[in-house]
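Every number for a ligand or one of its atoms is a count from 1 in the order of the listing.
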Amino acid sequence: MESGLSEIGSTKMFDGFNKRYKHYSETLGCSMTFSVYFPPSASSSRRSPVLYWLSGLTCTDENFIIKSGAQRAASTRGIALVVPDTSPSEPESIMSSRFLHDLYYNLSSLMVLIFVGGLNIEGESDSYDFGVGAGFYLNATQEKWKNWRMYDYIVKELPKLLSDNFTQLDTTRASISGHSMGGHGALTIYLKNLDKYKSVSAFAPIANPINCQWGQKAFTNYLGDNKAAWEEYDATCLISKFNNLSATILIDQGENDQFFPDQLLPNKFEEACKKVNAPLLLRLHPGYDHSYYFIATFIEDHITHHSQALKL
Ligand SMILES: N[C@@H](CCC(=O)N[C@@H](CSC=O)C(=O)NCC(=O)O)C(=O)O
């Protein structure tokens with residue numbers, strides 16, 4: 001099936017462009033939006049490496065683009081920023097071109113839409129920390145949440161969509177970063193795909209989700225009771241499997257972050273890194289909270305960290 005990729009927004013910034021796109025995701029079974037910041041140097045003869053940014057609970061692809069100010073450093077370093085949404089979110093519109101395309105070839109699409117009505121899963125919007133806006137960057141194994149396959153979307157579908165459609169991007173040179181739930185996503189996706197990403201960093205990541213309430217709620221619902229499956233999406237468990245990591249992992253954490261003591265547990269990740277000699281730079285910042293003000297303050301350091309790994 002085609003992706004039906006269409007541009008839905010374009011804004012010039014630091015001589016580059018923030019662009020927003022909509023497409024149909026085969027992996028998730030719904031329409032998705034994502035944003036890309038193209039630095040001014042990006043062209044088909046000088047392709048830009050990519051930094052994926054994974055956002056936190058309640059975010060869409062727009063929070064980071066609007067609030068982080070990352071475009072200033074991305075512009076001068078020549079890095080494209082790719083920012084996906086945080087969960088499957090949007091039922092296919094009855095008037096969309098995809099629907100009309102499917103209807104033309106297969107009238108049963110109409111029956112499906114009338115009786116199922118897209119993704120509207122019971123309970124998906126009941127709380128801020130589960131369901132819509134809270135995909136946790138994993139592949140759910142529980143039938144009810146079978147569309148929640150954000151891991152495959154980020155690792156497989158989105159890079160292919162980018163390389164198929166944007167000659168100005170070099171998706172073979174990629175790094176990954178994120179915040180909170182997105183920090184958990186960045187760390188776990190990096191550790192499970194060292195061949196695909198040159199470097200990782202995170203702001204206030206949920207570093208040991210099997211031992212905090214946010215993670216336990218999400219993993220119970222998405223993955224069921226199988227604790228081995230939980231550990232596959234826990235950065236602290238995953239890092240314990242390595243004894244030859246060479247690239248330094250950068251983590252910034254605000255000391256006044258309201259989620260620091262109970263939900264984030266970077267100290268557990270640090271202990272696990274020490275046991276396997278994994279290079280970690282964990283910076284604790286007095287006075288900073290969990291917000292995008294904190295991210296905006298230190299984002300340039302993260303862009304520098306990734307640009308060094310990407311050899312820019
Ligand atoms: N609404 C919740 C808190 C939600 C929140 O703080 N979300 C963070 C990410 S938290 C971890 O993944 C966020 O990035 N919000 C978007 C923003 O633009 O700030 C509550 O009320 O506690």
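Thr33 and Lys22 are not linked by any side-chain donor-acceptor pair at a separation below 3.5 angstrom, with hydrogens and angles left out of the test. No hydrogens or angles considered: a donor-acceptor pair under 3.5 Å links the side chains of Asn208 and Asp234. Inspection of the Arg47 and Thr171 side chains reveals no N or O donor paired with an N or O acceptor under 3.5 Å. At a cut-off of 3.5 Å, with distance as the only test, a side-chain donor of Ser180 or His290 sits close to an acceptor on the other residue.
Heavy atoms from other residues, nucleotides or ligands lying under 6.0 Å from NZ of Lys156 number 12 at most.
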List, for ligand 1, each N/O atom that has a protein N/O partner under 3.5 Å away, with both atom names and the distance.
{"from": "ligand 1", "atom 1": "7 (N)", "to": "Leu57", "atom 2": "O", "distance (Å)": "3.0"}
{"from": "ligand 1", "atom 1": "12 (O)", "to": "Leu57", "atom 2": "N", "distance (Å)": "2.7"}
{"from": "ligand 1", "atom 1": "12 (O)", "to": "Ser180", "atom 2": "OG", "distance (Å)": "2.7"}
{"from": "ligand 1", "atom 1": "12 (O)", "to": "Met181", "atom 2": "N", "distance (Å)": "3.0"}
{"from": "ligand 1", "atom 1": "18 (O)", "to": "Asn63", "atom 2": "ND2", "distance (Å)": "2.8"}
{"from": "ligand 1", "atom 1": "18 (O)", "to": "Lys67", "atom 2": "NZ", "distance (Å)": "2.6"}

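The cationic atom of Lys192 (NZ for Lys, CZ for Arg) does not lie both less than 6.0 Å from the six-membered ring centre of Tyr197 and within 45° of the ring axis.
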